[in-house]
There are 2 protein chains.
Amino acid sequence: MARRTPTIPEATVARLPIYRRALVELDESSAINVSSERLAEMSGVNAAKVRKDLSYLGSYGTRGVGYDVDYLLFQVSRALGLNNDWPVAIVGSGNLGQALANYRGFTQRGFPVAALIDVDDKKVGATVHGIEVHHVDRLEDLVAELGIAIGIIATPAGAAQAVADRLVEAGIQSVLNFAPVVISVPDGVPLRQVDLATELQILSFYQQRNAASDR
Amino acid sequence: MARRTPTIPEATVARLPIYRRALVELDESSAINVSSERLAEMSGVNAAKVRKDLSYLGSYGTRGVGYDVDYLLFQVSRALGLNNDWPVAIVGSGNLGQALANYRGFTQRGFPVAALIDVDDKKVGATVHGIEVHHVDRLEDLVAELGIAIGIIATPAGAAQAVADRLVEAGIQSVLNFAPVVISVPDGVPLRQVDLATELQILSFYQQRNAASDR
DNA sequence: AGGAGGTTGTGTACAAGTTCACAAAGGTGG
DNA sequence: CCACCTTTGTGAACTTGTACACAACCTCCT
Ligand SMILES: NC(=O)c1ccc[n+]([C@@H]2O[C@H](COP(=O)([O-])OP(=O)(O)OC[C@H]3O[C@@H](n4cnc5c(N)ncnc54)[C@H](O)[C@@H]3O)[C@@H](O)[C@H]2O)c1
Ligand SMILES: NC(=O)c1ccc[n+]([C@@H]2O[C@H](COP(=O)([O-])OP(=O)(O)OC[C@H]3O[C@@H](n4cnc5c(N)ncnc54)[C@H](O)[C@@H]3O)[C@@H](O)[C@H]2O)c1
């Protein structure tokens, strides 16, 4: 395995999509070059960090000039594996699942929603934003047939681990979990958890501390 | 200002809600005590980390025994500022805003959705899950009248910064942003960004790397 | 009362991430 | 072709976060 990228730090990986977004915006406004300083400003970080992060991908800037927007966008996209689309399946067609299915942003960014999956017979067969809702019994088939790469879990917390297990068993490549519960998957299956209530609690901590120190 | 908490590291703060969730679950299953090891397992971290994290809050365990579930839950909740409710307003009553408004989990965890706010006259006046949609013109009034603590931004990216500015100006205490754009708020106003497309891109990076090293 | 068994709290070493600061290098204009 | 300006790329210092390992301490049993 020829390792082109010796290893990119996790913290850097988490910022690449932010840089990418800034680059898309610059590209749309027909900018040719961008300095690390400008990119930093647009991304809400400091310029040295931008340069160090980008240097893990390779040496794509020009001293005295900056980075070529087009070229850097290409390189960042490539590093993120966005050359081809990654079809996603959303498991759980409730409030959240349907809102996600309705969202144009995913397909736009290379993550087409290929299937909605639910256990509730009343929901199966419906279509949301042109996407059919399938029964969870067919999960394994769907993953195989549609070449699903990413499973998004939007079921109640109680079902999340079982769904994750089935997705992994079916050969999914990575998992994004919205249920407010810690789930575990085998080593080597990338997993991200997004928990909105957790985010609010973190905010609560800091605002409470602000209030205390104002007193 | 009597500083009871000399300073809790950010990484620790981010984990407290996870511990809290595990403690709620233990409490519901009538557990009396819990060891750092068990708590670690439920939270998906290692036991030393749990102990160190909890030690920032104070010394609430008993050697040889573990932590009293009830008492620790109380202490963690207090540290997070969850003694009282924090009313939230959701700005942008689209797909996502409505899904959030429909979600019971927020009120349950002490973040009642007190208002929905939109700019679109066709949406103003409707009620979602018992919550009225108000016009954005009334944003400042609503924040004051309803004692809104947290503003959730679920508008298109283009409107996010302006909405954030108005929320801050109106005296909001913290901001949770779902729009895929970096927004800035004054120092001292806690801000969290949740970007689902970013999460998918991070997954894409790692699964692509897995694929490359398998080859 | 004293010892055995078990778990916390924390000092310390280590790893990861951030920031600084500057040499190296490209561009430009004379 | 050279001096000057600008901005990158990166070693090194520093800060933050994680893991280890064990003394301190509690409970229970004999
Ligand atoms: N709605 C939100 O804004 C929101 C916010 C934060 C977190 N969440 C979390 O996201 C998850 C979904 O929330 P929601 O509001 O959409 O809930 P919901 O009850 O509206 O939807 C859940 C859906 O999952 C389906 N389901 C249940 N078990 C299943 C299984 N084993 N396989 C497939 N489908 C199954 C149900 O039939 C239902 O359609 C929950 O875990 C919730 O805590 C939701
Ligand atoms: N829907 C999703 O699943 C999803 C997923 C990820 C991110 N997002 C992001 O969340 C945001 C909302 O997404 P959505 O799908 O709900 O979009 P949407 O278009 O359905 O809803 C946006 C709402 O905001 C309102 N709005 C526009 N400008 C406003 C303003 N200045 N003040 C108040 N309200 C205003 C619009 O009238 C509309 O009702 C977007 O930024 C989107 O990128 C959504």
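By convention in this document, chain letters (A, B, ...) are assigned in the order of the sequence lines, proteins followed by strands, and residues within each chain are numbered from 1.
At a threshold of 4.5 Å between non-hydrogen side-chain atoms, the residues B:P17 and B:L80 count as touching.
Along DNA chain C, read 5' to 3', the first and last nucleotides having any atom under 4.0 Å from a heavy atom of chain A are C:dG17 to C:dG27. Nucleotides of DNA chain D lying under 4.0 Å from heavy atoms of chain B occupy a range whose first and last members, 5' to 3', are D:dG17 to D:dT27.
Around the CD atom of B:E25, the shell of radius 6.0 Å holds no more than 12 heavy atoms that belong to other residues, nucleotides or ligands.
A salt bridge is defined here as a Lys NZ or Arg NE, NH1 or NH2 lying under 4.0 Å from an Asp or Glu carboxylate O, and B:R166 with B:E169 fails to meet this definition.
Residue contacts for B:A11: at a heavy-atom cut-off of 4.0 Å it reaches the sugar-phosphate backbone alone, with no base atom in range. When heavy atoms are screened at a 4.0 angstrom cut-off, B:E10 is found touching the sugar-phosphate backbone but no base atom.
Of the two residues contacting DNA chain D, namely A:Y67 and A:K52, the nearest-nucleotide position lying further toward the 5' end is that of A:Y67. Residue order along DNA chain C, read from the 5' end via each residue's closest nucleotide, puts A:P9 first among A:T62 and A:P9. Each of B:R51 and A:R15 was matched to the nucleotide of DNA chain C holding its nearest heavy atom; the match closer to the 5' end belongs to B:R51.
At distances below 3.5 Å, not a single donor-acceptor pair connects side-chain atoms of B:Q75 with backbone N or O atoms of B:Y60. Here the side chain of A:S204 pairs no donor or acceptor atom with the backbone of A:L200 at under 3.5 angstrom. Formation of a donor-acceptor pair under 3.5 Å by the B:Q98 side chain with backbone atoms of B:S93 is found in this model.
Shown are B:K49, B:E41, B:R51; of these, the side-chain hydrogen bond (donor to acceptor under 3.5 Å, both in side chains) with B:S36 is made only by B:R51.
Remark: A:F106 pairs with A:Y103 by the ring pair (Phe, Tyr, Trp, His ring centres under 6.0 Å) rule, at least two apart or across chains.
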